[in-house]
Amino acid sequence: MSIMLDNDRKAQLAHLYDEMRPEHLYPLWEVLAKLVVPQPQSPAEPAHWSYDTIRRHLLRSGDLISAEEAERRVLILENPGLPGQSAITPRLYAGLQLILPGEIAPCHRHSQSALRFVMEGEGAYTAVDGEKAFMNPFDLILTPNGRWHDHGHPGKGPMIWLDGLDIPLVRYFDAGFADRLEEPTFPEQAAPGSTRMRFGRNMRPVRSAAAATDVRGVPLFHYPYAEWSEALAALAGHETPDPWFGHALEFLNPADGGPVMPTISAGVRLLPAGFETGLRRSTEGAVHVVVEGSGEVEIDGETMALEQGDIVVAPSWSSTRWRARKRLGLFAYSDRGVLEKLNLFKESFE
Ligand code: 1HN
């Protein structure tokens, strides 16, 4: 409290506080300045994980525990400013998942929404309500909330992907439910690729059973690298890069033109070799993955080197600048869609 009080009033107030505490009453004027800050002061810190380091530890865990035993064999990327919270930002979770040939990760569903961004391997799938999406490097796959999902790996070699979920956000809303299917895998409901045929080309089915399927407003769940990289490369050949984003595209939910899921937005960008962005801040907390190339990122004055597969988190209102040494391809997911819906999205450019 910044107002000046004489000792007598201070003592009387302290006495009042003592008597109020058992009644669960607390004076706002003692905490107001902490509650209403002039700008965001995220408890999350900017942080960087090298893919080689994560991969080494993840493969070691693969020697010690099976995907089925673990339910999901995942190493959580824990923000150093949020210890014990299984959070990479105050609203988002990130983890790296490993599945080995012959393994399955059993079927379950929950209120949390998830995206998978494939880091390496091929031949594994995620099944969403019984439709398999076979995964290739840098594919984006969604498991929107409430949908049954299991993973399996009939192919060869380790398969690693990034899981991005809204776990801290759902925890904050006290809105989490989950259940396990009795069977380890959901019965096959549709041929792989069926949903992409219907919704993956900016079109939607007319008068078929699929048009009426309850998919809770998020029909499409597979955005292959082969398609998004082609779109981004074409764009890069035709426009001058934006000073802060380079060439950038957001993945859309074809049903409403909004973010891929209500709680998670996702996009990709390409910075030409030698390109340096301006400084940008925003209230979105974002997790970035290096898809190709190398360079560095400066977050709140701290410079971090970037190689393929590296993962970086830029918390709300951190000041971020990217530098591409070789042509730099990035994937990112964030809570931007949530902030926009709540009229809390704000950004500034320098
Ligand atoms: C989950 O369901 C998956 O389905 C991965 O692969 C990570 C982290 C927390 C809660 C649920 C998955 C998860 C998760």
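What you see below is based on every heavy atom in this structure, not just the backbone, and it leaves out hydrogens, waters and symmetry mates. Quantities reported herein were computed from a predicted structural model and do not represent experimental measurements. Note that ligands are numbered from 1 as they come in the structure, with each ligand's atoms numbered from 1 the same way.
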Q. Less than 3.5 Å between some nitrogen or oxygen of Gln97 and one of ligand 1, yes or no?
A.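 Yes, there is a polar N/O contact under 3.5 Å.
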Q: May I ask you to check whether His108 has an N/O atom sitting below 3.5 Å from an N/O atom of ligand 1?
A: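 Yes: some nitrogen or oxygen of His108 is under 3.5 Å from one in ligand 1.
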Q) Between Ile76, Leu165, Asp163, which one has a non-hydrogen atom sitting closest to atom 14 (C) of ligand 1? A)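 When every heavy atom of Ile76, Leu165, Asp163 is considered, Leu165 comes closest to atom 14 (C) of ligand 1.
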Q: May I ask you to identify the nearest protein heavy atom to atom 6 (O) of ligand 1, giving residue, atom name and distance to one decimal place in Å?
A: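 The closest heavy atom on the protein side is His151 NE2, 2.6 Å.
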Q: Considering only non-hydrogen protein atoms, determine which one is nearest to atom 11 (C) of ligand 1 and report residue, atom name and distance to 0.1 Å.
A: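 Result: His110 NE2, 3.7 Å.
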For [X], take its heavy atoms, then give the atoms of ligand 1 lying under 4.0 Å from any of them.
X	value
Arg116	3 (C), 4 (O), 5 (C), 6 (O), 12 (C)
Ile167	8 (C), 9 (C), 10 (C)
His149	2 (O), 4 (O)

Once the angle between the rings of [X] and [Y] is folded into 0 to 90°, is it parallel (under 30°), tilted (30 to 60°) or perpendicular (over 60°)?
X	Y	result
Tyr225	Trp228	perpendicular
Tyr223	Phe251	perpendicular
His110	His108	perpendicular

Q.
With a cutoff of 4.0 Å, is Glu71 in contact with ligand 1, counting heavy atoms of the residue only?
A.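 Glu71: no contact with ligand 1 (<4.0 Å).
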Q: Determine, using heavy atoms of Arg72 and all atoms of ligand 1, whether some pair is separated by less than 4.0 Å.
A: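 Judged by the 4.0 Å heavy-atom criterion, Arg72 does count as contacting ligand 1.
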Q: Check each heavy atom of Thr143 against ligand 1 and say whether those closer than 4.0 Å belong to the side chain, the backbone, both or neither.
A: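 Answer for Thr143: neither.
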Q. To the nearest 0.5 Å, how far apart are CG in Leu59 and CD1 in Ile54?
A.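 Leu59 atom CG to Ile54 atom CD1 measures 11.5 Å (nearest 0.5 Å).
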**Q.** NE2-OG1 distance between His151 and Thr185, expressed to the nearest 0.5 angstrom
**A.**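 OG1 of Thr185 is found 13.0 Å from NE2 of His151.
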Q. Would Gln112 and Tyr93 count as having a side-chain donor-acceptor pair, cut-off 3.5 Å?
A.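 Result is no, nothing qualifies.
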Q.
Could you check whether Glu250 pairs with Arg336 (Lys NZ or Arg NE/NH1/NH2 to Asp/Glu carboxylate O, under 4.0 Å)?
A.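 A salt bridge is absent here (no side-chain N lies under 4.0 Å from a carboxylate O).
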Q | Short N-O contact, Arg201 and Glu227, less than 4.0 angstrom | A |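 Yes, this pair counts.
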